[in-house]
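Following: one structure in structure tokens, then a few remarks.
We use all heavy atoms of the structure for the numbers below, so side chains are in, but hydrogens, waters and symmetry mates are not. Counting starts at 1 for both ligands and their atoms, following the listed order.
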Amino acid sequence: MSKKYSRILLKLSGEQLSGKFDNGIDPELVGWIAGEVKKVVDTGRQVVIMVGGGNIVRGAQIAGHGIQRVTGDHMGMLATMINALALTDIFEANEVETRCLSNIFAEQVAEPFVFRLANKHLQKNRVVIVAGGSGRPYVTTDTAAVVLALELDCNVVLKATKVDGVYTKDPAKHDDAERLEHMSFQEAVENKHISVMDKAALGLAMEHTMPITVFDAMVEDNLLRVANGEQVGTLIA
Ligand code: UDP
């Protein structure tokens, strides 16, 4: 089996955790995701997860009517914490050893994110789920994911989406939209139709040549295949 990627960062957005519900968390679906992650961990690869909070609160959307943007972002970061706690418990219930580390001060509920501690957990083949994004407002968990991948020396950022990669146009609106297997950072940053990931996150990845694969994680074995370095989704590199 290819050992192309030994440490991966998986970015799960909040809305992917809702499953059959309009918002919130679908525990059955998260249990299924745990099984997909376990397949990767069982190959000896180390897995870091950055989880979003869009299924509960997005700062930019809730700001207004008296709620400051910074407060909205704090609420969003707390939303990621709710998801991270649910993921951690459900992963452990599915026999995936997991630790939740937080980038916001929340010592009663999670260990603080400390670089050496995260590395130690990963070396023991525990999945590390990071709560609270980057801990700072005005960015999203996409950007926080790229920063974390750089910090923890991951080989790749795997961005799970509803679609199976990056298309030339919005595939929901255009029948002639084509899926791309590869894309340059330059194209991903400059093409205004590419909205699958934040431009800030893409710019940072480009600056530090951190590859990103955009793929559909809800297809059985896709995560394992992409972690094995197989061609799945779109590789931005
Ligand atoms: N957020 C933040 N700083 C971060 C990461 C997240 O302020 O480093 C806030 C921001 O308001 C964001 C919300 O948390 O909208 C939830 O994260 P995100 O929108 O990235 O979630 P996703 O769309 O991936 O579910």
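Clustering ILVMFWY residues whenever any of their side-chain heavy atoms sit less than 4.5 angstrom apart, transitively, puts M77 in a cluster other than the one holding L17.
At distances below 3.5 Å, at least one donor-acceptor pair connects side-chain atoms of K199 with backbone N or O atoms of I194. Although no hydrogens or angles enter the test, the distance criterion places a donor-acceptor pair under 3.5 Å between the side chain of N222 and the main chain of D216.
Under a 4.0 Å criterion applied to the non-hydrogen atoms of R136, ligand 1 contributes the atoms 2 (C), 3 (N), 4 (C), 7 (O), 8 (O). The ligand atoms of ligand 1 that sit less than 4.0 angstrom from a heavy atom of G53 are 16 (C), 17 (O), 21 (O), 22 (P), 25 (O). Counting atoms of ligand 1 from 1 in the listed order, those under 4.0 Å from a heavy atom of G54 are 21 (O), 22 (P), 25 (O). Atoms of ligand 1 lying under 4.0 Å from any heavy atom of G52, numbered from 1 in the order shown and given with element: 21 (O), 22 (P), 24 (O), 25 (O). Close contacts of ligand 1 with K11, meaning ligand atoms under 4.0 Å from a residue heavy atom, involve 24 (O). The P137 neighbourhood of ligand 1 comprises atoms 7 (O), with distances under 4.0 Å to a heavy atom of that residue. Atoms of ligand 1 lying under 4.0 Å from at least one heavy atom of S13, given by number and element, are 22 (P), 24 (O), 25 (O).
Atom 18 (P) of ligand 1 has its closest protein heavy atom at T141 OG1, 3.4 Å. In terms of protein heavy atoms, atom 10 (C) of ligand 1 is closest to D73 OD1, 3.3 Å. Atom 12 (C) of ligand 1 has G59 N, 4.1 Å as its closest protein atom, hydrogens excluded (heavy atom only).
A salt bridge links D142 to K159: one of the charged nitrogens lies within less than 4.0 Å of a carboxylate oxygen. Salt bridge annotation for E28-K20: present, with a cationic side-chain nitrogen under 4.0 angstrom from a carboxylate oxygen. Between E92 and R99, at least one side-chain N (NZ, or NE/NH1/NH2) sits under 4.0 Å from a carboxylate O, which counts as a salt bridge. A salt bridge links D42 with K38; the closest basic N to acidic carboxylate O contact falls under 4.0 Å.
Nearest-heavy-atom check against atom 6 (C) of ligand 1 across I56, V139, V147, V57 picks out V139. Closest to atom 8 (O) of ligand 1 by heavy atom, among G76, A60, S134, G135, is S134.
Note that OG of S134 is 11.0 Å distant from CD of E151, once rounded to the nearest 0.5 Å.
Ligand 1 has no N or O atom lying under 3.5 Å from any N or O atom of N55, backbone or side chain. Checking only distances, D142 never comes within under 3.5 Å of ligand 1, N or O to N or O.
Other residues, nucleotides and ligands contribute over 12 non-hydrogen atoms within 6.0 Å of the CD atom of Q231.
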